[in-house]
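Every number for a ligand or one of its atoms is a count from 1 in the order of the listing. Along the sequence shown, residues carry numbers from 1.
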Amino acid sequence: MRLFVWLALAGCLFAQEAQKKKKAPVAGDDRQGYTDTPQIPGQPWKVHDAARPRPRKVAPAATTGNPPADAIVLFDGKDLSHWTARTREGQEVAPQWKVENGYIEIVPRTARLVTKEKFGDVQLHVEWMIPKGQDGAGQGRGNSGIELMGRYEIQVLESYENLTYADGQAASIYGQWPPLVNASRPEGEWNVYDIFFEAPKFEGEKLVKPAFVTVIHNGILMHHRKEILGRAIHRRVATYAPHGPEEPLSLQDHGRPLRYRNIWIRRLKGYDE
Ligand code: MG
């Protein structure tokens, strides 16, 4: 009998401890955002700030169409001849992503897709779709990304109904700026990005001009020549590291299935050239 009382008491204490642990302050997660990340320079928010308001939803405009005559068509629905692939470790490998029905489908965890050609200032058009019936939440739902110069990420994510921190939802400049509004289409529908990008400039190790980006998502302006703070990393402030004036464009393999189609790019030159 005495043993039973002791066991009951111990059980009670254990339950209380577990409850306390549950209530302890948490730094957040990729659905609600974080409270323990560093301040973003020049902004009142922390990286992936839990308190940063989520952009309001706006129903998108009609958008898709044929590439202009002077565009380099990076994917026309047929093959990956303009692409190679690169692992996280930087090793170049043959692309494993599937081409079917006029689109590319990510085969998760096989390596990011990287253009063979390098680019600096560009206009880029990309269409993407998250296949219906995905699981996962936060950053785990339909995550990929348009990596300009292989570094500066415009986020691709399920953001029609999936909650995450504001600076990590679809069309965000990842870890820096949320989109102005949320124009996401649901799973099973094509989203369209039109991106206008100015490459950063370096003199030796020194950054002399940051990158700027304009992003249109489904016909709606998301960023207007916004300064990019550097290459974003999860939970850290973005920083620049010097690189060439032109670098390959890449599509992120974040371990989630996703489709891309109708990808074209134009090199931007100045006036009177
Ligand atoms: Mg991503």
Q) Does anything in residues 155-165 pair up under salt bridge (Lys or Arg N to Asp or Glu O under 4.0 Å), and if so which pairs, sequence neighbours excluded? A)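 Sorted pair list: R141-E161.
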
Q.
Suppose the cut-off is 2.8 Å; which protein N/O/S atoms would you list for the Mg ion (ligand 1)?
A. N143 OD1, S144 O, E153 OE2, Q155 OE1, Q252 OE1

Q: Please list, chain by chain and in numerical order, all residues satisfying salt bridge (Lys or Arg N to Asp or Glu O under 4.0 Å) with E189, sequence neighbours excluded.
A: none

Q: Tell me, please, which residues at least two apart from R225 pass salt bridge (Lys or Arg N to Asp or Glu O under 4.0 Å).
A: E198

Q. Is there a donor-acceptor pair under 3.5 Å between the side chain of N143 and the backbone N or O of L157?
A. no

Q: Answer yes if L74 and I106 sit in the same cluster of Ile, Leu, Val, Met, Phe, Trp and Tyr residues linked by side chain heavy atoms under 4.5 Å apart, and no otherwise.
A: yes

Q | Pair H243 and F202, ring centroids less than 6.0 Å apart | A |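 Yes: the rings meet the under 6.0 Å criterion.
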
